[in-house]
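Data block below; observations after.
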Amino acid sequence: MNSLVINKLLFVSFLCFICWIIYLANTGGHSLFFTLVRSFPYGDKVGHFGLFGMLTLLANMATKNAMFTLANMRCLWASAVIVVLVTLEELSQHFLSHRNLDLYDWLADMAGISCFSLLNLYVANKFRCGKDVNPTKLNRE
């Protein structure tokens with residue numbers, strides 16, 4: 001199996017895991033993960049940061065760091081899609097009885113997405129011999 005197929009399988013598996021966690025939270029379900037998160041200070045925020053950051057990293061790897069230009073800046077497609085989906089998911093919590101709309105959860109999500117996107121770009125630049133994926137440079141090819 002080549003690395004792209006493995007990256008896609010990892011992404012889909014992790015996405016399914018996050019969907020399961022969101023489903024449990026939306027329906028008032030319980031999980032060992034919820035107990036673990038509640039067991040340390042700011043565990044919920046660390047969880048948001050880590051879950052959506054890792055999802056972003058895996059999505060960018062699965063899409064081979066596909067980019068687009070927005071306002072003279074290169075942006076990762078997968079990161080942008082995840083920002084939109086996570087924002088919609090957080091906003092939807094306003095309408096669910098078991099959930100609370102929390103700006104700090106969203107900020108933790110955005111911090112995770114941003115940090116893991118930058119990590120992804122750093123690693124891609126470090127290990128791609130001469131192929132620059134710097135988001136500040138325009139692709140003029």
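Predicted, not measured: the structure shown is a model, and the values here were computed from it. For this chain, numbers begin at 1 and follow the sequence in order.
- For the pair Asn120 and Ser117, the minimum side-chain heavy-atom distance is 4.5 Å or more.
- Both Met61 and Ile6 are members of a single hydrophobic cluster when ILVMFWY side chains are connected at heavy-atom separations under 4.5 Å.
- In this structure, Ile22 and Phe52 approach most closely via the heavy-atom pair CD1-CZ, 4.4 Å.
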Return a table of donor-acceptor pairs under 3.5 angstrom between the side chains of residues 12-20 and protein atoms on other chains or two or more places apart.
unit_1: Ser13; atom_1: OG; unit_2: Leu9; atom_2: O; d: 2.8

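- Leu101 and Val83 sit in two unconnected hydrophobic clusters of ILVMFWY residues. Membership requires side-chain heavy atoms under 4.5 Å apart, directly or through other members.
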Review point. Going through the checks in order, is the side-chain contact (heavy atoms from CB on, under 4.5 Å) test met by Asn26 and Glu89?
Key: CA-CA 10 Å; Asn26 286 349; Glu89 194 282 324; 4.2 Å; yes

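- The number of heavy atoms from other shown groups lying within 6.0 Å of OH (Tyr23) does not exceed 12.
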**Study point:** Pair Tyr104-Lys45, side-chain contact (heavy atoms from CB on, under 4.5 Å): steps then yes or no
**Key:** CA-CA 7 Å; Tyr104 295 110; Lys45 305 309 178 247; 3.6 Å; yes

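- Counting non-hydrogen atoms of neighbouring residues, nucleotides and ligands closer than 6.0 angstrom, the NZ atom of Lys8 reaches no more than 12 such neighbours.
- Side-chain contact check for Gln93 versus Asp102: every heavy-atom pair is 4.5 Å or farther apart.
- The shortest heavy-atom contact between Cys75 and Leu70 is SG-CB, 4.0 Å.
- Met110 and Leu88 fall into different hydrophobic clusters, where Ile, Leu, Val, Met, Phe, Trp and Tyr residues are linked whenever their side-chain heavy atoms come under 4.5 Å apart, directly or through other members.
- Linking ILVMFWY residues whenever their side-chain heavy atoms come closer than 4.5 Å, directly or via other members, places Leu107 and Leu55 in the same cluster.
- Residues Glu90 and His48 are in side-chain contact: their nearest non-hydrogen atoms beyond the backbone lie under 4.5 Å apart.
- For the pair Ile82 and Ile113, the tightest heavy-atom approach, listed with the atom from each and the gap, is CG2-CD1, 3.7 Å.
- Taken together through direct or relayed side-chain contacts under 4.5 Å among Ile, Leu, Val, Met, Phe, Trp and Tyr, Leu51 and Leu103 form part of one hydrophobic cluster.
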Exercise for review: Take Val46 and Phe40 through the side-chain contact (heavy atoms from CB on, under 4.5 Å) test and state the conclusion after the steps.
Suggested key: CA-CA 10 Å; Val46 171; Phe40 61 93; 4.2 Å; yes

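- Among residue pairs with one or both ends in residues 66-100, those qualifying as ring-ring contact (aromatic ring centres under 6.0 Å, His included) are Phe68-Trp77; sequence neighbours excluded.
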Point to revise | Verdict with supporting geometry, Leu76 and Leu121, side-chain contact (heavy atoms from CB on, under 4.5 Å) | key: CA-CA 9 Å; Leu76 292 161; Leu121 291 173; 4.0 Å; yes

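- Considering every non-hydrogen atom in both Phe34 and Gly29, the closest pair reads CE1-O, 3.5 Å.
- Proximity of Phe116 to Phe49: side-chain heavy atoms (C-beta onward) are separated by under 4.5 Å at one or more points.
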